[in-house]
Asker: 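So that we are looking at the same thing, I have put the structure below in C-alpha cells.
Computed from a predicted structure; not experimentally measured.
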Amino acid sequence: MQADRLRELLEGVKAGQVTPDEAMASLKSLPFEDLGFANLDHHRGLRTGVPEVVFCQGKALPHIVEIVRRLREQNGHVLATRASQEVHQALLAAGEPLTYHEMARIVEVGVRHRVPDPEEPFVLVVSAGTADLPVAEEAAVTAEALGSRVERLYDVGVAGIHRLLSRTQQLYAASAVIVAAGMEGALASVVGGLVSAPVIALPTSVGYGASFGGLAALLTMLNTCASGVATVNIDNGFGAGYYAHIILTHRP
C-alpha cells in the first residue's frame, strides 16, 4: 500500500465516508500476504516510498502472474524486472494492463503514480558503449517508473573521450549520474572526476575473457580515486536506478 492511499483511506474514515470495518477490510492483508509460495510485503511502500518489485528470473510463470496481480491490487502500479518475452506474454494473457520495456527487460504493470516536471532535477544515465544498453536501460526505466526525471547519454566511453567531453553541460546539470560500463570500467572514474553530483557506478558483464564477466569493471569502479562514486553489483541496473531515485527524492 502506498502512503497516499493510506492517507486517503484515513481521511475517508475521518469524513464518515468509510466505516471502520471497511477500513479494516482494506488493511487486513498488511503488513504482508502469504500466497503459499511467496510472502508479499505490502508495507514496503509505506516504509520506503517504493512498493515491492518483482524479480522474475527463476520464478515460475504462474507465480509471477499471481504476485503481480496481488501487488497491483494493493498499489496500482508494479515493476517486474528481468522479465523475458515469456513473462510478458503470460501477463498479457492474464489481462494485465502493461508496458513491456524489451531492452530493459522490465514489465511495467498499471499506471505510474507520478509524472515528473520537465524542469525538475534529473538522473543522467550514461553508458560507455552500445553493448551496455540493456543494463543502462534497466536503470533508466526503473528511475523513470519510480517517478524521477531521466535523461540518457549513451555510447560515450573512454575509447573516444571527446564524445563525453562534448556533453559536459548535460553532465554538470544532472543531480545524480549513473555510469554503466563494461570492459575495464574506466568511465565511472572519468565522470566522477568531472561532476559534482553523486555518481553511481554500474559495472556490466560486457567484455572479453579477462573482464571475467564484469569483475574487472567492478574492481576498477570499487578502486576509483574519484570522490563521490558508489558502486552497485555487476549488471544491477535496477539497484542503480532505485538508488538514483532515492538521491533525487531526498535532495534538499
Asker: Supply the atom-to-atom distance Leu92 CG to Gln85 CD, rounded to the nearest 0.5 angstrom.
Answerer: 9.5 Å
Asker: Going by the rule side chain to side chain contact (heavy atoms under 4.5 Å, CB included), which residues pair with Ala226 if we only count those two or more places apart in sequence or in a different chain?
Answerer: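 Residues passing side chain to side chain contact (heavy atoms under 4.5 Å, CB included) with Ala226: Thr224, Val229.
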Asker: Ignoring hydrogens and angles, write down the donor-acceptor pairs under 3.5 Å from the side chains of residues 123-131, residues two or more places apart or on other chains.
Answerer:
| residue | atom | partner | partner atom | Å |
| --- | --- | --- | --- | --- |
| Ser127 | OG | Gly129 | O | 3.2 |
| Ser127 | OG | Asp155 | N | 3.1 |

Asker: Please report the closest heavy-atom contact between Leu91 and Leu98, naming both atoms and the distance.
Answerer: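 Taking every non-hydrogen atom into account, CB-CD2, 3.5 Å.
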Asker: Taking side chain to side chain contact (heavy atoms under 4.5 Å, CB included) as the definition, give me every residue that meets it alongside Ala83, ordered by chain and number, with sequence neighbours left out.
Answerer: Cys56, Val87, Tyr100, Val107
Asker: Looking only at heavy atoms, which two atoms of Leu194 and Tyr172 are closest? And how far apart?
Answerer: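 That closest heavy-atom pairing would be O-CE2, 3.3 Å.
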Asker: Can you name the side-chain hydrogen bond (donor to acceptor under 3.5 Å, both in side chains) partners of Glu151, sequence neighbours left out?
Answerer: Arg149, Gln170
Asker: Looking at His101, Arg112, Glu108, which one forms a side-chain contact (heavy atoms from CB on, under 4.5 Å) with Glu144?
Answerer: Arg112
Asker: Do Ile246 and Phe122 belong to the same hydrophobic cluster, where Ile, Leu, Val, Met, Phe, Trp and Tyr are linked whenever their side-chain heavy atoms lie under 4.5 Å apart, directly or via other members?
Answerer: no
Asker: If Ile, Leu, Val, Met, Phe, Trp and Tyr residues are connected whenever their side-chain heavy atoms lie under 4.5 Å apart, and connections chain through other members, are Leu171 and Ile178 in the same group?
Answerer: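 In one cluster with Leu171: Ile178, no.
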Asker: Counting only heavy atoms from other residues, nucleotides and ligands, does the tally under 6.0 Å from CD of Glu119 exceed 12?
Answerer: no
Asker: Would you kindly confirm whether Val158 and Ile200 end up in one hydrophobic cluster when ILVMFWY residues are joined by side chain heavy atoms under 4.5 Å apart?
Answerer: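 Different hydrophobic clusters.
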Asker: I want to check something: taking the side chain as every heavy atom from C-beta on, are Glu137 and Arg152 in contact at a cut-off of under 4.5 Å?
Answerer: yes
Asker: In terms of hydrophobic clustering (I, L, V, M, F, W, Y; side-chain heavy atoms under 4.5 Å; direct or indirect links), are Leu187 and Met183 co-clustered?
Answerer: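 No, no single cluster joins them.
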Asker: Roughly how far, to the nearest 0.5 Å, is CZ of Arg167 from NE2 of His162?
Answerer: 13.0 Å
Asker: Over all heavy atoms of both residues, which pair between Ala90 and Leu61 is shortest? Give the atoms and the distance, please.
Answerer: CB-CD2, 4.2 Å
Asker: Go through the structure and list residues passing side chain to side chain contact (heavy atoms under 4.5 Å, CB included) with Ala230, not counting sequence neighbours.
Answerer: none
Asker: Partners of Gln57 by side chain to side chain contact (heavy atoms under 4.5 Å, CB included), sequence neighbours excluded?
Answerer: Phe55, Arg82
Asker: For Phe238 and Val53: C-alpha separation, side-chain torsions, deciding distance, then whether side-chain contact (heavy atoms from CB on, under 4.5 Å) applies.
Answerer: CA-CA 10 Å; Phe238 166 75; Val53 173; 3.9 Å; yes
Asker: Side-chain contact, heavy-atom cut-off 4.5 Å: Leu71 with Pro51?
Answerer: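 No; the side chains remain at least 4.5 Å from each other.
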Asker: List the steps, then state whether side-chain contact (heavy atoms from CB on, under 4.5 Å) holds for Thr142 with His245.
Answerer: CA-CA 9 Å; Thr142 295; His245 171 73; over 6 Å; no
Asker: Quick one: name the residues clustered hydrophobically with Leu215, using the 4.5 Å side-chain heavy-atom rule over I, L, V, M, F, W, Y, and just say none if it's on its own.
Answerer: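 Leu215 clusters with Phe212, Leu218, Leu219, Leu222, Ile234.
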Asker: Hey, any chance Val109 and Val65 share a hydrophobic cluster, counting ILVMFWY side chains that come within less than 4.5 Å of each other, even indirectly?
Answerer: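 Yes.
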Asker: Test your reading of the model: is there a side-chain donor-acceptor pair from His113 to the backbone of Gly76, 3.5 Å cut-off?
Answerer: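 No; judged by distance alone, with no hydrogens or angles, the pair does not exist.
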Asker: Filter on salt bridge (charged side-chain N to carboxylate O under 4.0 Å, His left out), then keep only pairs touching residues 201-217, sequence neighbours left out; what's left?
Answerer: none
Asker: Can you find a pair of side-chain heavy atoms, one from Tyr242 and one from Val50, that are under 4.5 Å apart?
Answerer: yes
Asker: For residues 196-211, which residue pairs pass the side-chain hydrogen bond (donor to acceptor under 3.5 Å, both in side chains) check, not counting sequence neighbours?
Answerer: Asp132-Thr204, Ser205-Asp235
Asker: For the residue pair Ser175 and Pro198, what are the closest heavy atoms and their distance?
Answerer: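 That would be O-CD, 3.4 Å.
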Asker: Nearest heavy-atom pair of Ala38 and Ile67: which atoms, and what distance?
Answerer: CB-CD1, 4.0 Å
Asker: On a heavy-atom basis, which atom in Ala143 and which in Gly241 lie closest, and how many Å separate them?
Answerer: CB-O, 3.7 Å
Asker: For Arg114, which residues count as a salt bridge (charged side-chain N to carboxylate O under 4.0 Å, His left out) partner, sequence neighbours excluded?
Answerer: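 With sequence neighbours excluded, Arg114 shows a salt bridge (charged side-chain N to carboxylate O under 4.0 Å, His left out) to Glu120, given in chain and number order.
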Asker: Arg163 side chain to Gly157 main-chain N or O, any donor-acceptor pair under 3.5 Å?
Answerer: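 Side chain of Arg163 to backbone of Gly157: a pair is present.
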Asker: Identify, with sequence neighbours excluded, every residue that meets side-chain hydrogen bond (donor to acceptor under 3.5 Å, both in side chains) alongside Asn236.
Answerer: none
Asker: Please enumerate all residues that pass salt bridge (charged side-chain N to carboxylate O under 4.0 Å, His left out) together with Glu66, with sequence neighbours excluded.
Answerer: Arg69
